[in-house]
Amino acid sequence: MESLRLYFFTYNCALRLINVEHFSRHFFDAYPVTDSSNSPPDLIVLSLQEVAPMPYAFLGGSYVTPYFTSYAQAVDRATTQRFDTQYVNIVTEHSGMTGLMIFARPDIVDDLSSPEIAKVGFGFQEIGNKAAVASRLSYHSPKTPGAGVDLTLIAAHLAPMEDAVARRNADWRSMVERLVFNNPERTGKLTDETEDDSESAALLPSSSTPTPSSSSKHPGIFSPSHYLFIGGDLNYRTSDRFPSKSDYQRYPQADADPSDPLHFTNLLKSDQLAREMREARCFHGLTEARITFPPTYKYHGDAQLAALHPASADKPAEWKWTSHRWPSWCDRVLFTRTPPGHDEDSDENEVQILAYDALPVSSTSDHRPVALTVSIPVLKREQRLPNESAQLAPFPIDPDWSHKREAATKKEYAVGCLTYLALTREGNALLLAATVGVLGAWFVVRAMLGS
């Protein structure tokens, strides 16, 4: 049976440019190697949180381009070294400080629809210091007419801190209510298009011949035929309170035996996300592959420094934690095993999990990246027809979503301008030059009037 292989990679970038060489060398560390053919993924998805400092992320455009470019370079290097293939970057979008990049294997680009984009902010006044950005696209099989895969891919960054469970659950609700696809002219094939003003303008121009949008009937993130994937710094912790000084002695250790209380599996039992999903308070209808890796956050600076010297760094160094945060599985990838409008008991349309793992600590972040590899069945037309009576989304779409997003975008730009002037060297220099210019003009005018 034909299938589509997806590699979904999530990483909290910690507002810093990556070391491209280190990042590319480890990029596929979580990709399965048991496959004798070493099949390359059809699609690579990057969910990036804190992708750039606030001034650059909120102003966007050329300010944030260097950050996305570094990831594109790393992916290009990694795919060339591993598979001798250069992937095509078909999506580069961001909602505030949260970014989404999608890369396609060059031989399937002609078989992909033009991605639709949706954005939402969760931060103060709904701006994008915490946010989500989503893309919806379809793969059309060249082998079987009418067969394909419909995907909704989301990068997200939810509210932080141990005691903010309710806020994180509210962020999930905001995703469902306000991540709305409204791009009726962006459903043609990638190669059929000619112009666009988005971050991905060079690759994703708008269609010259508008076609009906797949989002016209189901504009939210839940659609009857779509497999939904959400990856990011979801920020759920392993305790509802902040750690005390004595709690540090209970943190997981790399050399602990599975029967030892210091083995990470004991802390995993207190995972907030698993608890909240079990109680149906968040991420309704989604699932997660089994976690077999240690917490992904929050690593001490010593662990980050050790990443620069892999020859001398031993494994326990990677497990040095900061004492003021509970080690937690903040970085996750969730998905629907079957499209929400289909029978969950059917094996023919179920996602197959191939690997789910964390990557090594890097020198630029206190988070470890996490990656999920899955195989998604390519279904025939009759198999893709949904059960229209099925319950899809847990919450209705907010009728005011468009106005709220427009207002938040204006606020982001204003905050971006202010923080650029206050927090960046370029902004400080510009502010100083303006101040000197105004004072100089004042003295000149005063001298003229005095004479």
Side-chain angles (χ1 to χ4, degrees), residues 10-12 14 26 29-30 32 49 158-169 231-283 286-307 309-310 312-334 353 355-363 365-373:
T10 179
Y11 181 53
N12 185 310
H26 293 286
D29 280 7
Q49 310 87 48
L158 309 191
M161 302 301 176
E162 277 79 353
D163 58 354
V165 179
R167 286 177 55 200
R168 288 187 276 277
N169 292 348
D233 182 359
L234 305 186
N235 251 326
Y236 286 87
R237 308 299 173 92
T238 52
S239 176
D240 294 333
R241 60 171 179 81
F242 294 99
S244 64
K245 291 183 179 180
S246 61
D247 286 327
Y248 186 74
Q249 305 301 319
R250 300 162 49 197
Y251 287 4
Q253 297 301 315
D255 55 355
D257 185 86
S259 60
D260 192 320
L262 296 183
H263 193 265
F264 71 84
T265 52
N266 291 290
L267 189 61
L268 185 58
K269 297 174 184 176
S270 303
D271 175 52
Q272 291 176 341
L273 179 56
R275 180 192 71 200
E276 296 300 298
M277 290 178 67
R278 190 166 53 246
E279 297 297 326
R281 289 193 283 260
C282 66
F283 296 100
L286 279 78
T287 189
E288 183 179 20
R290 190 168 70 92
I291 293 177
T292 59
F293 48 87
T296 61
Y297 173 87
K298 177 178 171 62
Y299 286 89
H300 192 276
D302 289 348
Q304 297 176 54
L305 290 174
H309 309 286
S312 61
D314 55 9
K315 193 172 182 180
E318 294 187 348
W319 288 42
K320 287 187 175 181
W321 314 100
T322 57
S323 59
H324 63 288
R325 292 286 181 267
W326 279 99
S328 299
W329 287 264
C330 290
D331 309 275
R332 316 284 275 267
V333 183
L334 309 177
I353 300 166
Y356 188 44
D357 205 353
L359 285 77
V361 177
S362 74
S363 60
S365 177
D366 49 10
H367 288 252
R368 286 176 69 167
V370 169
L372 170 72
T373 308

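What's counted below: heavy atoms across the whole structure, side chains too, no hydrogens, waters or symmetry copies.
- Remark: Leu268 engages Asp271, Ile291, Trp329 in a side chain to side chain contact (heavy atoms under 4.5 Å, CB included) (not counting sequence neighbours).
- Among residues at least two apart or in separate chains, salt bridge (Lys or Arg N to Asp or Glu O under 4.0 Å) pairs with a member in residues 288-300 are Glu288-Arg332, Lys298-Asp366.
- Listed here is the closest heavy atom pair of Thr10 and Gly232: OG1-CA, 3.0 Å.
- Judged by a 6.0 Å distance limit and a 45° cone about the ring axis, Arg325 is not positioned over the six-membered ring of Tyr297.
- Residues passing the side chain to side chain contact (heavy atoms under 4.5 Å, CB included) test with His300, sequence neighbours excluded: Asp302, Lys320, Thr322.
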List the steps, then state whether side-chain contact (heavy atoms from CB on, under 4.5 Å) holds for Gln253 with Asp260.
CA-CA 10 Å; Gln253 297 301 315; Asp260 192 320; over 6 Å; no
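- Note on ring orientation: taking the six-membered ring where Trp is involved, the planes of Trp326 and Tyr251 are tilted (angle from 30° to 60°).
- Of all non-hydrogen atoms in Pro369 and Tyr11, the two that sit nearest each other are CG-CD1, 3.4 Å.
- In this structure a side-chain-to-backbone donor-acceptor pair under 3.5 Å is present from Ser365 to His367.
- Residues passing the side chain to side chain contact (heavy atoms under 4.5 Å, CB included) test with Ala166, sequence neighbours excluded: none.
- The backbone N or O of Asp255 lies less than 3.5 Å from no partner atom in the side chain of Trp319, so there is not a single donor-acceptor pair.
- Distance alone, capped at 3.5 Å, is enough to place a donor-acceptor pair between the Thr238 side chain and the Pro327 backbone.
- Scanning all heavy atoms of the two residues, the minimum distance from Val361 to Ala303 falls at CG1-O, 3.9 Å.
- Under a cut-off of 6.0 angstrom, the local environment of CZ in Arg167 is sparse, with at most 12 non-hydrogen atoms contributed by other residues, nucleotides or ligands.
- Looking at residues two or more places apart in sequence or on another chain, you find a ring-ring contact (aromatic ring centres under 6.0 Å, His included) between Tyr356 and Phe293.
- Taking Phe242 as the reference, nothing meets the ring-ring contact (aromatic ring centres under 6.0 Å, His included) condition, with sequence neighbours excluded.
- Considering Pro295, Cys330, Pro294, Ser362 in turn, Pro294 is the only one that fulfils the side-chain contact (heavy atoms from CB on, under 4.5 Å) rule with Arg368.
- For the side chain to side chain contact (heavy atoms under 4.5 Å, CB included) test, residues two or more places apart in sequence or in another chain that qualify with Thr287 are Phe335, Arg337.
- Taking Arg250 as the reference, Asp247 meet the salt bridge (Lys or Arg N to Asp or Glu O under 4.0 Å) condition, with sequence neighbours excluded.
- The shortest side-chain heavy-atom distance between Gln272 and Asp240 falls under the 4.5 Å cut-off.
- For Asp357, the salt bridge (Lys or Arg N to Asp or Glu O under 4.0 Å) test picks out no residue, with sequence neighbours left out.
- Minimum interatomic distance between Ala289 and Leu372 (heavy atoms only, all atoms of both residues): CB-CD1, 4.2 Å.
- With sequence neighbours excluded, no residue forms a salt bridge (Lys or Arg N to Asp or Glu O under 4.0 Å) with Asp29.
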Worked check of side-chain contact (heavy atoms from CB on, under 4.5 Å) between Leu273 and Cys282:
CA-CA 8 Å; Leu273 179 56; Cys282 66; 4.0 Å; yes
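- Note that CG of Asp331 is 3.5 Å distant from OG1 of Thr296, once rounded to the nearest 0.5 Å.
- Heavy-atom minimum distance, Ala159 versus Arg168: O-NH1, 2.9 Å.
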Just do the side-chain contact (heavy atoms from CB on, under 4.5 Å) check on Asp163 and Arg241 with the steps written out, would you?
CA-CA 6 Å; Asp163 58 354; Arg241 60 171 179 81; over 6 Å; no
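- Here CZ of Phe264 is found 6.5 Å from OG1 of Thr292. Values are rounded to the nearest 0.5 Å.
- Scanning all heavy atoms of the two residues, the minimum distance from Ser259 to Asp257 falls at OG-OD2, 2.7 Å.
- One distance of note links OG of Ser328 with CG of Asp233; it measures 10.5 Å at 0.5 Å rounding.
- Applying the side-chain hydrogen bond (donor to acceptor under 3.5 Å, both in side chains) rule to Thr265 yields the partners His263; only residues at least two apart in sequence or on another chain are considered.
- In this view, Asn235 and Arg237 satisfy the side-chain hydrogen bond (donor to acceptor under 3.5 Å, both in side chains) rule, not counting sequence neighbours.
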Take Arg281 and Val165, measure what side-chain contact (heavy atoms from CB on, under 4.5 Å) needs, and give me the verdict at the end.
CA-CA 10 Å; Arg281 289 193 283 260; Val165 179; over 6 Å; no
